[in-house]
Amino acid sequence: MYAEVLIEYKVKSLDRTFTYIVPENLRDKIKIGMKVTVSFGMGDSTINGFVVNIKNDVNLGNLKEIISITDEELILNEELLELGKYVRDTTLCTLISAYQTMLPSSLKIKTINSKYQKYECYLKLTMPVDFVRSFIESEAKNQNQKDILNALIENEKVLKSKFSSSSVNTLIKKGIIKEVKELKYRINKENVRVENKVVLMEDQKRCFDEICNHLSEEKTFLLHGVTGSGKTEVYMHLIDVVVASNKCAIMLVPEITLTAQIVNNFYERFGGDVAILHSGLSAGEKYDEYLKIMRGDAHIVVGTRSAIFAPIRNLGIIIIDEEHSESYKQENTPRYNAIDIAKWRSAYHKVPLVLGSATPTYESYARALKGVYTLLTLPKRVNDAKLPKIKIIDMKEEMKKRNVVLSSYLKDKIRDRLEKREQVILLLNRRGYGTLVNCSSCGYTFKCPNCDITLTYHKSTNSLRCHYCGYYTTKPSHCPECKTGELKDFGLGTEKLEQEISSIFPESKVVRMDADTTSKKGAHERIIKDFKEEKYDILLGTQMISKGLDFPKVSLVGVISADSSLNIPDFRSGERTYALLSQVSGRAGRSGLDSEVVIQTFNPDNFTIKMIEMGTFIKNYQYEMSIRKTLKYPPYYYLVGIKICSKIYEDASKEASKVYKYLKDNISTESIILGPTTASVFRVNSVYRFQIVIKYRFDEKLVNALREVDEMYINHKTVYIEVDMNPYYI
Ligand code: ADP
Ligand code: ZN
């Protein structure tokens with residue numbers, strides 16, 4: 001018996017299978033899709049790989065043997081093996097890296113097994129129930145024995161530890177019950193299902209019914225529901241139906257911040273039938289959740305991006321919440337988009353895909369308007385709660401009054417809400433204290449030694465940090481250049497905002513949520529829980545506070561500066577600013593409180609800001625679409641971003657021109673090729689990055705040309721290439 005093994009070697013020319021002998025002791029265990037260890041190359045070096053085929057006769061000379069099977073339970077099934085090829089072909093990665101993404105190496109039973117695997121002892125009956133009943137009547141010696149047996153008549157198995165051990169032993173000796181050991185999952189929720197407590201509103205019901213009518217079709221729905229319109233409830237009702245027919249569901253959420261709230265809702269409703277997958281889990285937890293899914297012990301998977309690869313066999317529905325979130329696109333190899341993977345799986349299983357958002361991407365919305373997706377809308381909030389009133393503040397005027405951080409209007413509103421004992425959310429999309437530190441005498445500015453970016457001042461640690469590469473240094477007391485000058489910080493970050501708020505409203509309790517306050521495991525969850533329980537009056541933070549959170553007592557949202565998002569030079573910045581502002585606004589007034597959103601900006605006349613003021617998603621969409629049509633951007637054209645990177649400036653520059661020329665000569669003349677230009681931050685982590693952008697509609701030569709370019713630089717000493725099909729940022 002022989003196995004073809006795709007080996008774990010990141011060099012593309014080696015992205016192929018090698019044949020190995022399956023030794024006697026592995027023959028009845030080995031299966032296609034398993035991870036195995038084989039020896040490779042000269043000497044004793046070993047390597048991992050995936051079995052992609054098993055055959056009985058080959059005519060080859062000296063073959064090596066498979067050394068071992070990594071895990072007998074974790075297997076890529078037929079569907080996932082096929083899906084890997086799709087990932088390879090659409091993101092231009094190697095097949096092996098696609099498989100590794102689907103079955104990550106953190107899932108290695110060997111390391112996990114010995115360390116954490118836990119077992120639980122259960123009792124089961126060995127005799128028919130009738131016999132047991134008569135035994136209870138006639139022979140059972142005491143109440144303890146009767147309790148055990150009665151429990152086992154009611155339940156298939158019971159926990160051994162719950163009962164007196166002498167009675168258990170007696171019954172085992174008599175041969176009426178037996179002991180069984182079962183793997184204990186680290187996350188172990190009780191298997192209780194709660195009936196739907198909530199009755200769907202008319203609009204929710206309409207959307208729900210429409211999707212229910214197509215449960216065995218490959219069909220994509222775009223559920224466009226304003227914030228607080230009860231999308232989550234629609235998802236849960238759908239999942240209920242799917243699970244009732246013994247099928248499984250995948251539900252993706254953007255970030256761990258969001259998972260906590262949704263996961264808790266899901267646990268309450270579906271109990272232990274839910275498996276969760278996200279990067280905040282320990283290796284052992286992740287392994288267990290995987291096993292739950294593989295074994296069919298959980299029918300519902302809730303997770304972040306990579307949960308889209310969950311090894312579910314009988315999939316019934318895929319739901320992607322907040323579909324506009326950029327977290328669904330992986331920013332390193334393989335650069336896949338979970339929405340594309342979801343479509344593929346929806347087609348494979350012939351089941352619906354539901355994309356939900358209050359602010360869908362304009363690409364999705366365009367597809368919905370064209371009828372490629374089925375558009376479903378929830379135009380109103382649940383229970384007729386009103387959307388918040390929007391007030392735009394011109395900060396140019398406020399500056400004249402020396403109101404740098406808070407406008408007098410926002411200040412008054414915060415005070416008012418604090419008096420009413422309602423809660424406030426403040427968004428500032430920049431962490432740290434000041435954004436820039438320089439010398440007041442010679443003008444020296446602190447920059448990252450590795451990146452083309454200024455260092456951000458973090459007061460709590462008295463450090464200067466690069467938000468790109470993580471470089472940090474202690475802030476000196478005087479200018480390192482002129483030795484005498486005083487250092488001053490400029491700009492505003494969340495840390496400084498927190499300090500300002502505390503000094504203006506000394507009686508208020510303020511909590512900050514950003515990358516700095518949430519780096520520890522469980523920190524997100526704690527802040528969210530505490531704020532929900534009203535231990536704080538004001539929650540301030542970066543965009544991580546904008547998404548999906550449901551706080552009933554929040555009645556005021558303040559956006560400290562809308563400009564940081566508007567000023568990003570990207571064709572999607574209008575779309576993104578609208579989405580961000582409307583999402584964060586959506587945190588206010590969710591339980592029916594009269595609510596308001598105050599947006600501070602230096603550009604009150606900006607079109608997107610005006611549209612936010614009017615609350616019109618459609619008009620902003622139409623406006624941006626007209627620009628994209630003229631400038632040939634998605635969804636009118638597809639994009640490819642190619643980065644040519646090197647630590648040596650001259651090499652990057654020279655090769656970028658070569659790549660440009662090669663592509664120009666080898667892709668369709670209909671396609672547009674731009675560049676090479678410097679990437680928006682040119683040097684990151686000491687690497688210079690040039691960028692080429694291709695816009696195309698149909699280009700049969702493109703993928704091949706890109707592969708060729710990629711191959712050319714595999715063995716290059718100083719230059720490497722990154723190809724991103726449909727990048728989120730350019
Ligand atoms: P969305 O995800 O659309 O922003 P949610 O699903 O979080 O909105 O719903 C907003 C609030 O309304 C939640 O507190 C939810 O429990 C409640 N809710 C949703 N549907 C109903 C319903 N049919 N009846 C009563 N309350 C509902
Ligand atoms: Zn840096």
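By convention here, the first residue in the shown sequence is residue 1. Whatever order the structure lists them in is the order used to number ligands and atoms, beginning at 1.
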Problem set entry | Donor-acceptor contact below 3.5 Å, side chain Arg590 vs main chain Val554 | no

For this session: Check Thr232 against ligand 1 and report side chain, backbone, both or neither, counting heavy atoms closer than 4.0 Å.
Result: both

For this session: Dump the intermediate steps for side-chain hydrogen bond (donor to acceptor under 3.5 Å, both in side chains) on Asn620 and Tyr362, then the final yes or no.
Result: CA-CA 10 Å; Asn620 199 54; Tyr362 294 172; 2.9 Å; yes

Exercise. Between Tyr457 and Tyr433, does the ring centre distance come in under 6.0 Å?
Worked result: yes

Problem set entry | Proximity flag Gly225 to ligand 1, non-hydrogen atoms under 4.0 Å | no

Problem set entry | ligand 1 N/O within reach of Val382 N/O, cut-off under 3.5 Å | no

Exercise. Can you list the ligand 1 atoms lying under 4.0 Å from a non-hydrogen atom of Gly230?
Worked result: 1 (P), 3 (O), 5 (P), 6 (O), 8 (O), 9 (O), 19 (C)

For this session: Classify the ring geometry between Phe270 and Phe266 as parallel (under 30°), tilted (30 to 60°) or perpendicular (over 60°).
Result: tilted

Exercise. What atoms of ligand 1 come within less than 4.0 Å of a heavy atom belonging to Val199?
Worked result: 22 (C), 23 (N), 24 (N)

Exercise. Of all the atoms in His467, is at least one N, O or S atom closer to the Zn ion (ligand 2) than 2.8 Å?
Worked result: no

Can you give me every donor-acceptor pair (side chain of residues 376-390, partner residue at least two apart or in another chain, under 3.5 Å) with its distance?
from	atom 1	to	atom 2	distance (Å)
Arg381	NE	Thr227	O	2.7
Arg381	NH1	Lys386	O	3.4
Arg381	NH1	Ala588	O	2.8
Arg381	NH1	Gly589	O	3.0
Arg381	NH2	Thr227	OG1	3.1
Arg381	NH2	Gly586	O	3.0
Arg381	NH2	Ala588	O	3.2

For this session: Name the orientation class of the two ring planes belonging to Tyr649 and Tyr688 (parallel below 30°, tilted from 30 to 60°, perpendicular beyond 60°).
Result: perpendicular

For this session: Please could you name the atoms of ligand 1 that Met201 approaches to less than 4.0 Å, counting only its heavy atoms?
Result: 22 (C), 23 (N), 24 (N)

For this session: Report yes if Gln204 has an N/O atom closer than 3.5 Å to an N/O atom of ligand 1; otherwise report no.
Result: yes

Exercise. Is any N or O atom of Val198, backbone or side chain, closer than 3.5 Å to an N or O atom of ligand 1?
Worked result: no

Exercise. Side chain, backbone, both or neither: which part of Leu378 comes within less than 4.0 Å of ligand 1 when only heavy atoms are counted?
Worked result: neither

Problem set entry | Heavy-atom donor-acceptor pair, Ser646 side chain to Thr718 backbone, under 3.5 Å | yes

Exercise. Centroid-to-centroid, Phe617 to His224, below 6.0 Å?
Worked result: yes

Problem set entry | Under 3.5 Å: N/O of Arg590 near N/O of ligand 1 | yes

